[in-house]
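Here is the naming used below: chain letters follow the sequence lines, and residue numbers restart at 1 for every chain.
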Amino acid sequence: MSRKAFGVIMADEYTPVDEVAWQQKWDEANIFDCNMADERPKFYCLEMYPYPSGKMHMGHVRNYSIGDAVARNKRMMGFNVLYPIGFDSFGMPAENAARDEGGHPYEITERNMASITQQIKRMGFSYDWRRQVKSHDPRYYKWTQYFFSQFYQKGLAYREFAPVNWCGQCVTVLANEQVKAGRCWRCNGPVTQKEMNQWFFDTPQYAQELVDGLETVAYPENVKSLQKDWLGRSEGAEISFKVNDSELVIEVFTTRPDTLFGVTFVTLAPEHPMAEQLVQGTKYESGWKALYDEVSVMSEFDRIKNMNKKKGVPSGRFATHPLTGEQIPIWIGNFVIASYGTGAVMAVPGHDERDFDFAQTFDIPVKRVLSMTEDADPLAPLEAAETDFGWMVNSPIEGFDGLYGEEAMKAITDALESKGIGKQTLNWKIRPWLISRQRYWGTPIPIIHCEDCGVVLVPESDLPVELPTDVVFATGNPLETSESFVNVDCPTCGKAARRETDTMDTFVDSSWYFMRYTDSMNDDIFFEPETVNHFMNVDFYCGGIEHAQMHLIYARFFTKALRDLGLHSIDEPFNKLLCQGMVNAPAPWCESCQLTFSVGHADSPCPHCDGPLTNRSAKMSKSLGNTVSPGLMIEKYGADTVRLFILFSANPTAGMDWSDTAIASNHRVMIQMASMPSRLLAWNGSASSMDTWMLGRLKQRCEEFQIAMEHFDLRRAVEISHYDLIKDINWYVRRGGENAQLGLQIIKTWTHLVSVSTPHLAEEWWQTIGMEGLVCGTEMEILAPISADEQSALDCETLLRSVLDSARRIKDVAERHLDGPAQSAIVVVSPTWKRTMAVEALDFIEQGGSPKKFVAHLSQMEMTQGERKGEIIGYWGKKMLPQVFKWDDASRVLLRSELDEVEALSQRAHFIAEELGLQSVQVVLGESPEDETGRAGGSLPLAPAIVYA
RNA sequence: GCCGGGGUUCCCGAGCGGUCAAAGGGGGUGGACUCAAGAUCCUCUGCGUAAAGCUUCGCAGGUUCGAAUCCUGCCCCCGGCACCA
């Protein structure tokens, strides 16, 4: 039996579709190549730049299955789709592996890339592989270096001796964003502070634009809020406090200038340069030194954690209050962070909890300068800091008392500005991006240090500065071990000089790869402005939430910075961002300990409490051992089944639970799907009235499919293509349809829908029905809009189905009353006046009439002029009024249409009888002479009463 | 504490003023087919009843002819930020 013989394949057998063969055909036909010259509208679909670990995991599979479905749909809908892939191939894992196991990061990386590439290709994703980008390719990092040079010349990249985060395990520094809860984001090792000469990008320069830009892009709300938190905009004032007996001035930043009169001390961070100056040679110096030594070696995390223990030392010096001239003691405190604001705060214990704590500890006076209610006693003592906005009281200067909130703050800043001792300012939490890494496997920073000329840029013509191979991976920065790399002549003066040995953070590489993709085969330039402007921005960007702050802030910063260098004209790199949900799988769980254990503990008692373990869904992870290998699943079920399962089991943004039974059941769907072409092509009947319905239904499904795709509701799209259409076809057949010609038309259109999520199967279908070429390279023929006839057929069948539904619902009960099986039924269509009333009421309300006032209108109508007036008006209030609003738009159209319910149902009476297992079904108009049931009362338009006998 | 997202019928999950007792899936039920199993198809899955009515969408109120959906207050869960001046 041939491998292509469908229908008799058992569930546990390998999928019959030869997926690899189709992948080869796609490859040979170059159908996924995307070219600038293509005149169709562009669509840029992108997934986050992957790190090339050796194996593809389920998270990758999910990410790419989503992206691929979006790309394939757009391609089929006539877009010129740019859908590239590449590898974020610099980074520490390869270097650590080289250090620990021998070998060279280059070889390790290339080997991993080859292996993961093969696995990705086996899934059949529709990438334009020609455009592949690799961070560690000198053809790529040459331009990364070029951009660094440009930034340097513009002052956007600079070198500074500063305290930085140091990860001892990774033997390198980290950016602020890369420190998570005081630990390294990559290795989770402890992070300490160290002062070093380091390279920075001046990200705060773009802070405002990075906040504003969030309003123009379609990111999930949580990502926007994460980014805003990270950028940390705060408005306030900078105020100068002159230090007594010196020329020194302490600048403080405050968000609450309205509390200025409540300042009873000023506090400096221990690292504040002025702190040492103030105490030098005094009896206070040792106190400061002790605090400094304690605090400066702490990681920022530990430090913030310990801030609740207020520590501080007096400096022995005083400053002058800028408005009142009062003498204010200067303290040095552990709770002030040197790098935030100005590294100094004005302390207002009356209206700030932290300052209140400190004042209590050191017995510093507390002053009330705000009242929380307008007419409160201004002299009421403060039991605790009152931090809300309030009305200014006790102001030593005229004109401030009684001012509130914004107004109060403005009055103070105005007063300061007029005296030149303060100004309104904006402060940001985001700090410059530290890009230096003391590691080998990254883009070398193109700088030469010359004794005479200082810091010198490597001339553009000498780029790229390539990584040397003669390095030793032991401890420290391997680049320093390469004589050939380090020793270089100064490009300016020619004297012997030293190369910079720091390399760049790999997040620099991933900050512009999406622009390189647009022109990645071009080695003359990073990208042609015209090309990048054509393809950017990214229309659909899919990846994990873990990049919500780092990558997504850096990439946005880079895009704006390159734009300002005149290299392109794009403001925001990513228009639509979708963060895919986690992939979970069951893991042992102890209810009483609330702990998850690795799968090794399955079937044994809880290691902590000895209680029984149950299963619970948890993120797939190596440590829990609950991972599922994509490779094995592809081997067992094929790539199409894996894709179908992944797309169908959850919406892209929702968490997804892995289930062995569910993937098996999806595989059965695939097997059933495989037989569809032969099933439909085997029809040998002629045209029938159901054909009109089927064609209308097909058109409806295509529309629904596109709506779902537009909303990235891939679950719904797959449901339409792989579940609903089967049900529709079953209905068509059940109603007697078997038109061979229509069968071909259905399958032709359907193949396109199927190709979005299960492309290999779609090719198989395309071939089976004798179509030319590859369906994945063929635009979908858009069907004509639904015709009036088709609509009416859809409507009649909808009516039929709803009648059948309610008939089935009451059949059991009816049979109980009949004391035996029902033999026949009479369908009593609602009397004409009900439909007239319904339409009249709909018109009335749609024209803005109040439902309450319809009774008056109804009383004027002809139908209420007879003896049934009371009954009819009663019917309106009790039955029709609630129903009027329940009809959807389609039903409203139907009510006003020519549809004759009696006729439509009479034509289908035989089918109804068959479905209900009855000998006969009669359809009558309620209250007409033929209606002997007396049961028309329960009927409604589009919902006849059914009387069993 | 602040910001963002949530709490829906046995479970997962859609809905976000009337088509809502509430899609779809899972699980369960009954039936068709079959020697049987699998697969497939159909029915039912809040109580109730010849279609009524009643209760239900975290809790309590409110707006409306009508609320799962809108407003107010409260409780709980998840994520982020946080002695940030």
> Using a 4.0 Å heavy-atom cut-off across all strands, classify A:Y723 as base, sugar-phosphate, or nothing.
nothing
> For A:D724 and B:rA23, give me the distance from atom CG to atom P, rounded to whole Å.
14 Å
> Between A:F362 and A:F265, does the ring centroid distance fall short of 6.0 Å?
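A:F362 vs A:F265: aromatic centres not under 6.0 Å.
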> Under 4.0 Å between any heavy atoms, over every strand shown, what does A:V223 touch: base, sugar-phosphate, or nothing? Just pick one.
nothing
> Taking CZ from A:F648 and C1' from B:rG26, how many angstroms apart are they, rounded to a whole number?
10 Å
> Output the single nucleotide from B:rC81, B:rA50, B:rG79 whose closest atom is nearest the side chain of A:D229.
B:rC81
> Between B:rC10 and B:rA82, how many Å separate the two C1' atoms, rounded to a whole number?
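Roughly 41 Å separates the two C1' atoms.
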> By the 4.0 Å heavy-atom rule, please label A:E221 as base, sugar-phosphate, or nothing.
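Touches sugar-phosphate only.
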> Select base, sugar-phosphate, or nothing to describe what A:R716 touches, counting heavy atoms under 4.0 Å on all strands.
nothing
> Using atom P of each nucleotide, how far apart are B:rA23 and B:rG18 to the nearest Å?
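Per the computed distance, 15 Å lies between those P atoms.
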> Which part of the nucleic acid does A:V336 contact within heavy-atom distance under 4.0 Å: base, sugar-phosphate only, or nothing?
base
> Under 4.0 Å, heavy atoms only, any strand: does A:I545 hit a base, just the sugar-phosphate, or nothing?
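No contact.
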> Would you say B:rA82 has OP1 or OP2 under 4.0 Å from some side-chain N or O of A:K429?
yes
> Is there a donor N/O on one and an acceptor N/O on the other, under 3.5 Å, for the side chain of A:R256 and the base of B:rA85?
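Looking at the base of B:rA85, it does not pair with any donor or acceptor on the side chain of A:R256 (distance under 3.5 Å).
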> Under 4.0 Å between any heavy atoms, over every strand shown, what does A:A347 touch: base, sugar-phosphate, or nothing? Just pick one.
nothing
> Specify the separation, in whole Å, of atom CE of A:M880 and atom C1' of B:rC65.
16 Å
> With a 3.5 angstrom cut-off on both distances, give the Watson-Crick or G-U wobble partner of B:rG24, or none if there isn't one.
B:rC12
> When rounded to the nearest Å, what value does the distance between P atoms of B:rU69 and B:rU8 take?
14 Å
> To the nearest 0.5 Å, tell me how far A:L895 CG sits from A:L942 CG.
4.5 Å
> What I want to find out is whether A:E703 reaches A:R701 closely enough, with some N-O distance under 4.0 Å, to be called a salt bridge.
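A:R701 and A:E703: not salt-bridged.
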> Take atom CD1 of A:I553 and atom P of B:rG80, then tell me their distance rounded to the nearest Å.
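Between P of B:rG80 and CD1 of A:I553: 15 Å.
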> What is the distance, rounded to the nearest whole Å, between atom NZ of A:K879 and atom C1' of B:rG66?
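For the pair A:K879 NZ and B:rG66 C1', the rounded distance is 16 Å.
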> Need the pair for B:rG79. Rule: Watson-Crick or G-U wobble, both distances under 3.5 Å, any strand; none if unpaired.
B:rC3
> Looking only at side-chain atoms of A:I337, point me to the closest of B:rC84, B:rG24, B:rA14.
B:rC84
> From NZ of A:K852 over to C1' of B:rG66, roughly how many Å is that when rounded to an integer?
11 Å
> Is there a side-chain polar atom (N or O) of A:T255 under 4.0 Å from OP1 or OP2 of B:rA85?
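Yes, within the criterion.
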> Quick check on the 6.0 Å ring-centre criterion: do A:F844 and A:W876 meet it?
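No, ring centres 6.0 Å or more apart.
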> Which residue, A:L210, A:I553, A:L552, forms the side-chain contact (heavy atoms from CB on, under 4.5 Å) with A:W230?
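Filter result, single survivor: A:I553.
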> If only side-chain N and O atoms of A:Y948 are considered, is one of them under 4.0 Å from the OP1 or OP2 phosphate oxygen of B:rA50?
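No, outside the criterion.
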> Roughly, in whole Å, what's the span from CD in A:Q549 to P in B:rG80?
9 Å
> Taking B:rA50 as the reference, what is the distance to B:rC35 when you measure between their P atoms (whole Å, please)?
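Here B:rC35 and B:rA50 have their P atoms 40 Å from each other.
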> Watson-Crick or G-U wobble partner for B:rC47, using a 3.5 Å limit on both distances?
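B:rC47 is paired, partner B:rG53.
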> Mark yes or no for whether A:T203, through its side chain, and A:R431, through its backbone, hold a donor-acceptor pair below 3.5 Å.
yes
> Is there side-chain contact between A:Q700 and A:L794, with heavy atoms separated by less than 4.5 Å?
yes
> Nearest nucleotide by nearest heavy atom, which residue falls closer to the 5' end of RNA chain B, A:S850 or A:A949?
A:A949
> Atom CH2 of A:W230 to atom C1' of B:rC2: distance rounded to whole Å?
16 Å
> State the pairing partner of B:rC70; accept Watson-Crick or G-U wobble contacts with both distances under 3.5 Å, and report none otherwise.
B:rG62
> Is it true that A:D724 and A:R716 make a salt bridge, defined as a side-chain N closer than 4.0 Å to a carboxylate O?
yes
> In whole angstrom, give me the gap between the C1' atoms of B:rC75 and B:rU40.
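Nearest-Å result for B:rC75 against B:rU40 at atom C1': 48 Å.
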> When rounded to the nearest Å, what value does the distance between C1' atoms of B:rG48 and B:rG58 take?
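Their C1' atoms lie roughly 27 Å apart.
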> Taking only the C1' atom of each, what is the distance from B:rC70 to B:rU64 in whole angstrom?
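Straight-line distance between the two C1' atoms is 10 Å.
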> Contact class for A:N730 (heavy atom, under 4.0 Å): base, sugar-phosphate, or nothing?
sugar-phosphate
> On RNA chain B, nearest-nucleotide positions of A:I726 versus A:E719: which is more 5'?
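By nearest-heavy-atom nucleotide position, the 5'-most residue is A:E719.
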> If we take the C1' atom in both B:rC41 and B:rU9, what is their distance in whole Å?
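Their C1' atoms lie roughly 26 Å apart.
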